[in-house]
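Shown next, in structure tokens, is the structure this report addresses.
Every chain is numbered from 1 and lettered A, B, ... according to where its sequence line falls, protein lines coming before strand lines. Heavy atoms only: backbone and side chains are in, while hydrogens, waters and symmetry mates are out.
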Amino acid sequence: MEQYNHKEIEAKWQKVWDKSDLYKAIDFSKKPKYYCMIEFPYPSGEGLHVGHPRSFTALDILARKRRMEGYNVLFPIGWDAFGLPAENYAIKTGTHPRISTEKNIATFTRQLKSLGLSFDWSREIDTTDPNYYKWTQWIFLKLFEKNLAYKTKMDINWCTKCNVGLANEEVVNNLCERCGGEVYHREREQWMLKITAYADRLLEDLDKVNYLEKIKKLQSDWIGKSHGAQVVFKVMSKTVLPKDKGYYLPVYTTRPDTLFGCTYMVVAPEHEVIQKFVDQIDNYDEVLDYIEQTKKKTEMERTNLEKTKSGVELHGLKASNPVTKEEIPIFAADYVLATYGTGAIMAVPAHDQRDHDFAKKYDLEIKEVISGGNVKEEAWTGEGTLVNSVFLNGLNVQQATDKMIDWLEEKELGFETTNYHLRDWVFSRQRYWGEPIPIIICPECGYVPVAEKDLPVVLPEIKNYLTTENGDSPLALVEDWVNVECPKCGGDAKRETDTMPNWAGSSWYFLRYTDPHNNKALADLKKLKYWTPIDWYNGGMEHTTLHLLYSRFWHKFLFDIGVVPTSEPYAKRTSHGMILGEDGEKMSKSRGNVINPDAVVNEHGADTFRAYEMFMGPFDQATPWSTQGVVGVRRFIEKVWQIGHKLDDKKRTNDDDLIRLLNKTIKQVTEQIETLDLNTCISAMMILVNKFQEEGCNKKIFKDFLKILSPFAPHICEELWQILGHKKSIFLEKWPKFNPELIKDEAIELPIQINGKMRSKIFITQDMSEEEIKKIVLADEKVKKNLEGDEIKKFIYIKNKIINIVI
RNA sequence: GCCGAAGUGGUGAAACUGGUAUACACGAAGGACUUAAAAUCCUUUGGAGUUAAUCCUCCGUGCGGGUUCGAGUCCCGCCUUCGGCACCA
């Protein structure tokens with residue numbers, strides 16, 4: 001018998017499948033629809049990563065099973081092709097990103113096709129195709145129209161040496177990744193999307209979807225809704241006296257009950273109050289110096305709880321505590337962020353650990369207002385009774401919170417409010433390789449949207465891909481593209497030169513798959529009604545916060561304007577773990593631990609590669625690659641091949657046992673594909689095949705086995721199916737059903753414990769009574785020996801499971 | 001730092017709602033076949049002790065406690081590793 005020739009057989013079937021309509025999704029078919037989707041890849045220059053097929057194969061298995069179960073399946077593929085690497089490659093080599101992207105897509109396509117994935121290639125999409133990004137731009141215009149897009153000043157990373165804006169990833173240890181130059185934060189006008197307007201719905205609607213619990217938690221933590229109050233503190237200086245109207249500094253606090261314990265205030269170094277009172281701050285030079293230092297720090301460094309807090313007092317300014325009317329100092333400190341809350345806090349050192357650390361360092365008053373701890377030593381954040389708080393004394397935290405809010409509202413010094421950790425989405429990039437933002441800036445009319453009929457705003461050809469010296473995107477230098485007539489007044493105007501972030505194209509791509517060639521709408525509503533929502537979406541754990549949130553936001557917006565029929569895009573979401581290098585580290589060129597999928601497919605075949613990736617470990621967990629492990633799976637495939645050539649129609653005495661095992665295996669594989677416990681599916685099939693090898697197998701049993709193996713190893717199963725005399729594809733077969741009567745064992749092995757220790761085993765039948773069993777147990781030699789002379793205190797029998805005798 | 005996940009043999013891992021810990025696979029050791037090797041097949045494989053015996057005993061799921069007839073699984077407190085942290089995608 002010859003070895004399984006994977007090269008020949010896999011190429012043969014890939015060709016046949018490519019020409020067939022086996023994997024085509026049919027719009028409006030009468031069969032029930034099933035839409036399953038993987039995150040479309042970024043076609044990087046390094047080619048397919050072995051991590052991609054982990055997710056792709058798992059959902060390919062699901063898609064193939066669903067087709068065999070009678071569904072009309074949509075399992076599409078596309079390219080998330082805008083992005084930084086192609087642009088950086090262009091800067092280095094002068095190659096236009098269009099050229100390198102096309103080349104990379106060709107490589108990815110060849111690689112994916114070599115894996116026998118059942119994508120419907122006729123619906124392939126590419127986010128960098130003007131026919132696609134026309135609609136990305138269209139969505140932006142709709143957001144702009146509904147006032148959900150606005151421009152504001154934001155910090156960006158700026159390399160002082162190469163004079164370019166940097167992505168966070170390009171900043172390493174506060175230095176520029178390219179040149180090692182110093183990086184500091186510089187303000188720039190940026191387009192923002194008002195995702196915070198959807199914060200509540202993004203949170204509440206998590207109840208409507210079937211995501212893994214941990215994914216829901218990630219989403220809700222990211223949104224970070226909290227309840228509290230906004231309170232205003234009056235700012236005073238030499239010229240502003242208590243009786244004057246003056247300037248009020250709002251703060252957000254989750255603990256208004258502790259207001260009597262507020263002994264100072266802290267504002268973010270970027271806070272407007274500093275500029276407002278420049279003349280009144282006696283130590284402005286010192287403050288300015290501190291602001292400059294802050295610009296070099298990352299947010300993580302600023303908010304690190306372990307690090308000693310730094311800050312500088314604003315001499316000459318005081319704030320008035322609205323309840324005590326006491327004058328308290330104001331500090332600027334970098335641990336307060338301008339982007340969270342109001343950018344200013346009331347500090348209660350007795351009951352907040354960060355404030356406590358800060359107060360110790362600057363020798364500020366620590367005033368206890370809730371009893372229960374030792375506030376001299378550390379902040380008390382637990383429950384307790386209010387003290388030192390005039391009208392709140394004696395109340396508990398909840399009562400005091402309510403009463404304080406009533407008091408603030410009555411005096412018009414504050415109000416109850418909610419706050420979100422979620423911030424608006426910075427939507428501008430000063431880069432070339434992204435969708436141009438379709439806005440025209442007119443000195444007379446302001447921001448004017450490009451007319452819908454003029455979409456897409458196509459990226460012009462350029463020679464130099466570097467950001468300009470003042471931080472504009474390289475598009476700013478393309479004069480005949482930038483200079484346009486204002487669509488409103490006809491005067492001289494300029495195009496917006498910012499482009500969109502990579503997230504844009506991936507925030508709605510799943511809609512385009514339902515109608516990829518439509519040039520009248522992003523997708524036909526009838527088709528959307530047929531196909532959406534996505535029944536199952538799988539992707540990387542690392543995408544479960546941002547991409548998921550952004551795309552849910554866009555989807556909700558499109559729902560509100562009547563473009564899509566559902567308020568949530570994904571009915572179900574799962575995430576897979578990363579595949580690590582053989583050394584257990586993340587795969588990377590620099591570590592030299594990258595596994596090339598082509599080499600594995602070439603040596604062992606696609607079926608082996610697929611089955612190995614499913615077998616290597618739990619789907620949602622990070623797992624290291626093992627070249628040896630691949631060999632084991634190849635042996636399994638080889639065994640299947642050998643057995644498939646030695647079948648007969650004989651009846652055997654042990655056929656009942658074999659049929660029982662087959663039914664158990666069908667049950668396990670059927671159920672565990674649904675939970676993505678694919679590693680145990682494979683091991684169950686290995687056990688069955690080992691049995692075939694020991695005892696032989698007839699054609700009838702083997703055919704059912706082939707059907708359940710076929711989603712995992714499609715090529716070999718299709719070939720064996722044909723060898724067994726079938727003209728049509730195995731993927732047109734019905735998914736086998738197991739017989740529940742056939743999976744029950746006749747005899748059950750029952751373990752016996754004495755005082756929780758395993759001592760013996762007996763065999764019982766399904767319907768034996770406890771009395772009968774007890775008799776057998778007590779007659780057991782080993783049990784007798786262990787019970788010698790001891791009295792039985794308890795006899796515990798858990799039906800068909802275990803016996804425990806307590807003595 | 002904050003948030004999330006995970007720690008079980010030499011290795012990847014399995015164990016359903018608390019009920020026989022280590023399935024399946026890799027590696028290793030021994031054997032068969034072979035002039036030899038590869039491939040393949042068979043046997044053994046958590047640790048320690050003990051026996052004429054493949055009989056039996058004890059220990060064992062990161063560490064320390066707890067709940068329970070019974071804990072890898074539940075609770076409390078630690079330690080370690082990995083992922084995300086808003087301009088990588």
Would you mind classifying the nucleic acid contact of [X] as base, sugar-phosphate or nothing, using non-hydrogen atoms under 4.0 angstrom?
{"X": "A:Arg759", "value": "sugar-phosphate"}
{"X": "A:Gln219", "value": "nothing"}
{"X": "A:Ile687", "value": "sugar-phosphate"}
{"X": "A:Lys757", "value": "sugar-phosphate"}
{"X": "A:Lys794", "value": "sugar-phosphate"}

[X] side chain near [N] phosphate (N/O to OP1/OP2, under 4.0 Å):
{"X": "A:Gln3", "N": "B:U40", "result": "no"}
{"X": "A:Asn690", "N": "B:A25", "result": "yes"}
{"X": "A:Asn679", "N": "B:C24", "result": "no"}
{"X": "A:Arg635", "N": "B:C26", "result": "yes"}
{"X": "A:Lys214", "N": "B:G4", "result": "no"}
{"X": "A:Lys217", "N": "B:G4", "result": "yes"}

Worksheet item: With a distance cut-off below 6.0 Å to the six-membered ring centre and an angular limit of 45° from the axis, does A:Arg573 pair with A:Tyr537 as a cation-pi contact?
Response: yes
Fill in: Integer angstrom distance from the C1' of B:G10 to that of B:U22
14 Å
Discussion item. Taking the P atom in each of B:C76 and B:A5, what is the distance between them to the nearest angstrom?
Written reply: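 My reading of the P atoms in B:C76 and B:A5 gives 14 Å.
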Take the protein atom [atom1] of [X] and the nucleotide atom [atom2] of [N], then report the distance between them rounded to whole Å.
{"X": "A:Arg354", "N": "B:C2", "atom1": "CZ", "atom2": "P", "answer": "11 Å"}
{"X": "A:Ile643", "N": "B:C41", "atom1": "CD1", "atom2": "P", "answer": "10 Å"}
{"X": "A:Lys799", "N": "B:G18", "atom1": "NZ", "atom2": "P", "answer": "20 Å"}
{"X": "A:Glu582", "N": "B:G27", "atom1": "CD", "atom2": "C1'", "answer": "13 Å"}
{"X": "A:Met758", "N": "B:C59", "atom1": "CE", "atom2": "C1'", "answer": "16 Å"}
{"X": "A:Asn804", "N": "B:G18", "atom1": "CG", "atom2": "P", "answer": "17 Å"}

Item to complete: Could you tell me which nucleotide pairs with B:U57 by Watson-Crick or G-U wobble geometry, both distances under 3.5 Å, or answer none if nothing does?
Response: B:A48
Item to complete: Go ahead and name the base partner of B:C82; Watson-Crick or wobble counts if both distances stay under 3.5 Å, otherwise write none.
Response: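 By the stated definition (distances under 3.5 Å), B:G4 pairs with B:C82.
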When you get a sec, tell me which of [options] is the closest nucleotide to the side chain of [X]?
{"X": "A:Gln628", "options": "B:A25, B:G27, B:U20", "result": "B:G27"}
{"X": "A:Pro618", "options": "B:C58, B:C16, B:A14", "result": "B:A14"}
{"X": "A:Gln621", "options": "B:U57, B:A6, B:C26", "result": "B:A6"}
{"X": "A:Phe615", "options": "B:C41, B:C26, B:C24", "result": "B:C24"}
{"X": "A:Ile796", "options": "B:C16, B:C24, B:C69", "result": "B:C69"}

Practice prompt. Classify the glycosidic conformation of B:G70 as syn or anti, calling it syn when the angle lies within 90° of 0.
Written response: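 This nucleotide is in anti.
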Item to complete: May I ask you to say whether A:Asp620 pairs ionically with A:Arg54, meaning some side-chain N is under 4.0 Å from a carboxylate O?
Response: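 A:Arg54 and A:Asp620: not salt-bridged.
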Discussion item. Between A:Lys297 and A:Asp334, does any side-chain N to carboxylate O distance fall below 4.0 Å?
Written reply: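 A salt bridge is present here (some side-chain N lies under 4.0 Å from a carboxylate O).
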Worksheet item: If the sugar-phosphate is the primed atoms plus P, OP1 and OP2 and the base is the rest, what is the B/S/- string for nucleotides 82-89 of chain B, using protein heavy atoms under 4.0 Å?
Response: -SSBBBBB
Worksheet item: So, the side chain of A:Lys194 versus the backbone of A:Ala149: is there a donor-acceptor pair under 3.5 Å, distance only?
Response: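 Judged by distance alone, no pair lies under 3.5 Å.
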Discussion item. Under a 3.5 Å distance rule, please check whether A:Glu187 uses its side chain to pair with a backbone N or O of A:Asp155 as donor and acceptor.
Written reply: no
